[in-house]
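This report concerns only the one structure given below.
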4 protein chains.
Amino acid sequence: MLYSRRHDYFCCSVGRSGYAGGEVLRLLAGHPDVTIGAITAHSNAGSRLGELQPHLHGLASRILEDTTVENLSGHDVVFLALPHGASAEIAAQLPEGTVVIDAGADHRLQDPAAWEKFYGSAHAGTWPYGLPELPGQREALKGATRIAVPGCYPTSALLALTPGFAAGLLQPDDVVIVSASGTSGAGKAAKVNLIGAEVMGSMSPYGVGGGHRHTPEIEQGLSNAAREQVSVSFTPTLAPMSRGILTTATAKVKPGITAEQLRQAWADAYDDEPFVHLLPEGQWPGTKSVQGSNHAAMQLAFDAHAGRVIVTCAIDNLTKGTAGGAVQSMNIALGLQETAGLDLQGVAP
Amino acid sequence: MLYSRRHDYFCCSVGRSGYAGGEVLRLLAGHPDVTIGAITAHSNAGSRLGELQPHLHGLASRILEDTTVENLSGHDVVFLALPHGASAEIAAQLPEGTVVIDAGADHRLQDPAAWEKFYGSAHAGTWPYGLPELPGQREALKGATRIAVPGCYPTSALLALTPGFAAGLLQPDDVVIVSASGTSGAGKAAKVNLIGAEVMGSMSPYGVGGGHRHTPEIEQGLSNAAREQVSVSFTPTLAPMSRGILTTATAKVKPGITAEQLRQAWADAYDDEPFVHLLPEGQWPGTKSVQGSNHAAMQLAFDAHAGRVIVTCAIDNLTKGTAGGAVQSMNIALGLQETAGLDLQGVAP
Amino acid sequence: MLYSRRHDYFCCSVGRSGYAGGEVLRLLAGHPDVTIGAITAHSNAGSRLGELQPHLHGLASRILEDTTVENLSGHDVVFLALPHGASAEIAAQLPEGTVVIDAGADHRLQDPAAWEKFYGSAHAGTWPYGLPELPGQREALKGATRIAVPGCYPTSALLALTPGFAAGLLQPDDVVIVSASGTSGAGKAAKVNLIGAEVMGSMSPYGVGGGHRHTPEIEQGLSNAAREQVSVSFTPTLAPMSRGILTTATAKVKPGITAEQLRQAWADAYDDEPFVHLLPEGQWPGTKSVQGSNHAAMQLAFDAHAGRVIVTCAIDNLTKGTAGGAVQSMNIALGLQETAGLDLQGVAP
Amino acid sequence: MLYSRRHDYFCCSVGRSGYAGGEVLRLLAGHPDVTIGAITAHSNAGSRLGELQPHLHGLASRILEDTTVENLSGHDVVFLALPHGASAEIAAQLPEGTVVIDAGADHRLQDPAAWEKFYGSAHAGTWPYGLPELPGQREALKGATRIAVPGCYPTSALLALTPGFAAGLLQPDDVVIVSASGTSGAGKAAKVNLIGAEVMGSMSPYGVGGGHRHTPEIEQGLSNAAREQVSVSFTPTLAPMSRGILTTATAKVKPGITAEQLRQAWADAYDDEPFVHLLPEGQWPGTKSVQGSNHAAMQLAFDAHAGRVIVTCAIDNLTKGTAGGAVQSMNIALGLQETAGLDLQGVAP
């Protein structure tokens, strides 16, 4: 336990009683510097949290409040876990000094045209991006009062390929990414295609052909790192597990680059990071090794025959991919120990 | 975070690099009053822990040491996660003041005849039983320097039925218990019947007909509570999940006892317990709601037609059922906050 | 392949595009004596079957028709896979000579009071019960034109315990049954508690305390076999798998009965049955060994200490527990080879 | 049921009592033109098949025989399910007229150098390749007496991309394939990394960087179709399910090629195939829709932004990917109806 307790921050969670919100609460419940204030909801306002999120034993008797300005006010930090399009309105009602952390997509994309193409509505502006392991991003988060939490797929994809692009080792015009996600990534939604009898024992793709909304977010992050336009083919798939993302990301290596140079670039990027682990050679990441934790496990290989580097990266979509990244960003923004409340190992087996 | 840090205890884990030992380490890594000392093993001595337990990111670079008296000495607490029959010998080599916590079966049974019948070797004596929620047991653990951690099935079964027997509401001669366990309960063993392709999508029983070694341990605990001999039919089954036990325990209710009396007995037993939760009426426990946590979730129903109370209890077999119970017992033995290092919510979904 | 083809029966399936109806179609598609006629639905009428049941490759281009008298008429056999309460009305519109096979509950219970207590509506009468392995039941099905397919839990429970009750070896007043079912048993319904992220990795009970609607059906079957009233405590649980039921059924054995007498009774009952298998001693049934097949695998043990026989029985809830039992009953009713269309092995691993 | 029974073929299965051999037996047990003769094994010779493959109810009492020339002789067809390196020796002992179908890798690769690089032993020659949907391959299998069954990954990958290469629409120098396989693909082997507690809830890669032995087999098939050298980056992953492969295969499209041309090429290739299904636009394949069946379900998308076609293909690794492909090839070799014994729908949910 590395952190010192300076003082308590009073946090509020606003959501649809879904998985992202539940995971924020799970992490905050163990955060040494945080007091959980109001927990607000929409259709479930008035319910006992223990009914909806029975795993949050320490908060079971809390009653969900309505999402009103009155209930939101007075918190140092407000976490939003809402459908896209809903956070700008709420943020506008909160004082500028309140740290607002949005787990939704609204403020991730820099390019209004990309936003409009993939989300079909007006662009609401860009907030600092809550992936501190990207070059320069940790600095950008210090003191921030508005933070856009990255999407779960982009988190894994950007962690996987950024070191190579930032170091100028990879060709920008032909990145291929295939990710397998646990079904919690599709949300806590009553849909027939998500029921257990359908998903257990089955792998299936969706959003194939460039249509998934995380595609422009991945391209944006890689292009920023490469300082030129990177083009990505991204295919998400659903795996028969509750949590976790395994991303297989591959790019053409520039002529003359060696396996040693590649490995060094990733080691340089992550050796000092508390949550991102380039595994020893010969060891491959599995999603269970990061389950319930804010860690990312990673390995790379250079396929000289195909001229490609293949990076595989495992995260928990709900933790590092959503709520853990949110709390890590909050810690940085508030000047707390970056790992506060996040010193959880993976839950395995 | 309720605990204050008084001083550090130096803990040692001795094991076969299996699931129980890994879970002890996962919990100790987050314990505010503990410093992890030597981690010892047998055949895996010399290995990097990160190879064998890749989810323990904070301990990944630790090297497993040999299990020798020299390596074990100098620790305040020693956790043993060994096959039965191995702990007595090690305990004898350690100073009396060292707290030795045995996750194995060796010192659980009071009756040498039962031990010999089910384990086929000489009885090694009985240690205080690490299930503080049983009547009188919390007191018995205070200051203890030898602790026998209960079996995972007995933990769930005794939590389920003890309140009724302790309150004199149940008939002792016809208890039926059926438990479903995740396959980690069978250990980290390379056996064909445990491989994923065999167990995924399948439920199967084993040890049927009274042969499972946890049967006498369950009868012992219930008999202690009832102050008369209780007879149990226990059937364990393997469920297609990694972790968790759901126990369905049922006993004949004495004539004239009402549903209200039953509910009250369980509420009286557990309302002040930090880890055992009698759910609100109408809510049933699922194993995922306690995954990775030291909590037990429970519900009961009175079937007047059959004259039986049916209690369902969900625990994580590796946490409350093994390593969590061990740490909770250590906390009590050492006079620490009982919940120290255990304030983890369930990891769900 | 033992059967000879006599002539084609023209079959119709009426349903909600759910799991029972899909499984009937899967089996009929491989039945040598059957031609699939109309496939009718309610809200999904007009849809391509391949959209709703993509595993039925041979029927993918079929269009679901409306459930009207016109569309139903002209079939030799009509299978109904409907919510309870809906089959009586349809059956009344069909000629007496049409074989109507109802996978719903409407015509299973003999006792109108039990029906009304558990289903809350008027009793619609009792049809021959489609579990030919019960004493006398095969005869009762010959030539039948109305057949009630048993519930999935009762199928497993009655197969498990009937031999002992029919042979007079078991006490009628204290049967305890705990079943674990795959989540397809809960239907193809868009409910949050059934989505994959919730059910994967979790076991949970429901309908505890005698409230499950299959309880009176189990008591009815066992009482018929015992020729006296049998009382049952039944607890269903949901297991993290798509298909399969593992039932653990236990009853007090009458004084003086031996393990050999018990084993002999079950052997006598099932040695000539094509679909029910008492496994060799020492081998326990797993649900995957019967997956997708009409087989039931069974083992029993006598726990002399507890005075109980414990029988474990594995079936596929959708095959032997629903659609397979329906087709087997049809075969008997029509005078076909009983195994026609059902000579499928289990799909394992 | 389309086939006519001409006469019985007497088949023999030689194996290690593993998954491939079990699946061959499951399919042959339902084949109308086949009588199962000897079932031979190595270490398990003398065992009852029902112990090792309890799902094969119709063959449970069969005793496994030793793999000797005497036991093998007299069969029309011999199926081999052996580790690589073992089939050539056995084949040499059998008459030339015996149809020998090898589920192993020994005779798949045309290039001795590729064989030696990936398998490290002397090349044993090339047999006709049992994937009749490839251009010209159905003809090549007619009358064949030695057949090499394709690997499971190559089956899915070649079905996915061959139409585009055969039609000259794709660039040969940058194919990326990522496949997710059920863990039965790793065999029925007692390995710790395959046990259920490890694999449930986890996705992990292996053989990354071009090292998987199926890589040269995929390149060979695509190069044959393209009539030029095709270069492939192939990454296999293990998914938490027993069966099934979902392959995501993507290649650069040649300039000027349209989405319509792509779709037409795949439709032309598969519209008349009994087992390969290009799904209607908007519908994506899931592995469960083909579980236990010989079907392949496929969909493609053109990502104009990335200049790539992405084809996703779902098969059952044990059926179409191994034993089903073997039986289909046998049917062609013997002049039987190609679908004989294979008219099974998927087992879903």
Side-chain angles (χ1 to χ4, degrees), chain A residues 1 5 18-19 22-23 25-27 29-34 48 50-51 53-61 182-184 188 200-201 240 242-243 274-277 279-280 282-286 288-297 314 316 318-319 339 341 343-349, chain B residues 1 5 18-19 22-23 25-27 29-34 48 50-51 53-61 182-184 188 200-201 240 242-243 274-277 279-280 282-286 288-297 314 316 318-319 339 341 343-349:
Chain A
M1 308 284 275
R5 177 178 299 195
Y19 293 142
E23 187 77 352
L25 290 170
R26 181 176 78 86
L27 297 175
H31 197 294
D33 302 311
V34 160
R48 203 173 159 274
E51 275 174 54
Q53 308 267 13
H55 61 295
L56 301 174
H57 303 279
L59 300 166
S61 59
T183 63
S184 64
K188 194 172 179 175
M200 286 187 281
S242 291
R243 287 170 164 249
F275 295 122
V276 182
H277 308 283
L279 297 175
Q283 191 177 348
W284 295 94
K288 197 165 349 183
S289 76
V290 295
Q291 183 169 259
S293 85
N294 200 47
H295 294 279
D316 187 316
L318 293 177
T319 323
T339 57
D343 58 343
L344 300 164
Q345 312 303 314
V347 178
Chain B
M1 306 287 274
R5 178 177 299 195
Y19 292 141
E23 187 77 350
L25 291 169
R26 182 176 77 87
L27 297 176
H31 196 296
D33 302 309
V34 160
R48 203 173 158 275
E51 274 174 55
Q53 308 267 12
H55 61 295
L56 301 175
H57 303 278
L59 300 166
S61 58
T183 63
S184 64
K188 195 172 177 176
M200 287 186 281
S242 292
R243 290 169 162 248
F275 295 121
V276 182
H277 310 281
L279 298 175
Q283 191 176 349
W284 295 94
K288 196 164 351 183
S289 76
V290 295
Q291 182 169 260
S293 85
N294 200 47
H295 294 279
D316 186 316
L318 293 176
T319 323
T339 57
D343 58 342
L344 300 164
Q345 312 303 313
V347 178

Problem - chain A interface, residue from B:Ser184, B:Pro280, B:Ala60 that has the most non-hydrogen pairs under 4.5 Å - result: B:Pro280
Exercise for the section: Nearest 0.5 Å please: distance from the OH atom of B:Tyr19 over to the CG atom of B:Leu318. Expected result: 8.5 Å
Completion exercise
Honestly, the part of B:Leu25 sitting under 4.5 Å from a heavy atom of chain A is neither
Exercise for the section: Could you tell me the separation between the CD atom of A:Gln345 and the CD atom of B:Glu23, rounded to the nearest 0.5 Å? Expected result: 11.0 Å
Practice task
Might you work through the side chain to side chain contact (heavy atoms under 4.5 Å, CB included) test for B:Thr319 and B:Leu27, ending with a clear yes or no?
Solution key: CA-CA 9 Å; B:Thr319 323; B:Leu27 297 176; 4.1 Å; yes
Problem - Among A:His277, A:Glu51, A:Arg243, residue most engaged with chain B (heavy-atom pairs, under 4.5 Å) - result: A:Arg243
Practice task
Measure across A:Ala29 and A:Leu59 and return the closest heavy-atom pair with its distance rounded to 0.1 Å.
Solution key: CB-CD1, 4.4 Å
Problem - Segment of A:Pro240 engaging chain B (4.5 angstrom heavy-atom cut-off) - result: neither
Completion exercise
So, the part of A:Leu279 with a heavy atom under 4.5 Å from chain B: the answer is neither
Handout entry: Whether A:Gln53 side chain and A:Gly18 backbone form a donor-acceptor pair below 3.5 Å
Key = yes
Practice task
Could you tell me whether a side-chain N or O of B:Asp316 sits under 3.5 Å from a main-chain N or O of B:Gly292, the two making a donor and an acceptor?
Solution key: yes
Handout entry: Contact winner vs chain B - A:Thr183, A:Val290, A:Val347, heavy-atom pairs under 4.5 Å
Key = A:Val347
Practice task
Look at A:Pro54, A:Pro349, A:Gly282 and state which one has the largest set of heavy-atom pairs under 4.5 Å with chain B.
Solution key: A:Pro349
Handout entry: Contact origin within A:Gln291 toward chain B - heavy atom pairs under 4.5 Å
Key = side chain
Exercise for the section: Side chain from CB out, backbone as N, CA, C, O: work out which of these in A:His57 comes under 4.5 Å of a heavy atom of chain B, or both, or neither. Expected result: both
Practice task
Check the pair B:Asn294, B:Thr339 against side chain to side chain contact (heavy atoms under 4.5 Å, CB included), reporting the backbone distance first and the verdict last.
Solution key: CA-CA 9 Å; B:Asn294 200 47; B:Thr339 57; over 6 Å; no
Exercise for the section: Search all heavy atoms of B:Ala297 against all heavy atoms of B:Pro285 and return the closest pair with its distance. Expected result: O-CB, 3.4 Å
Exercise for the section: Please flag which part of A:Arg26 lies under 4.5 Å from any non-hydrogen atom of chain B: side chain, backbone, both or neither. Expected result: both
Fill in the blank from the handout: Ranked by heavy-atom pairs below 4.5 Å to chain B, first place among A:Gln283, A:Lys288, A:Met200 goes to A:Gln283
Exercise for the section: Look at B:Gly201, B:Ala348, B:Ser242 and state which one has the largest set of heavy-atom pairs under 4.5 Å with chain A. Expected result: B:Ala348
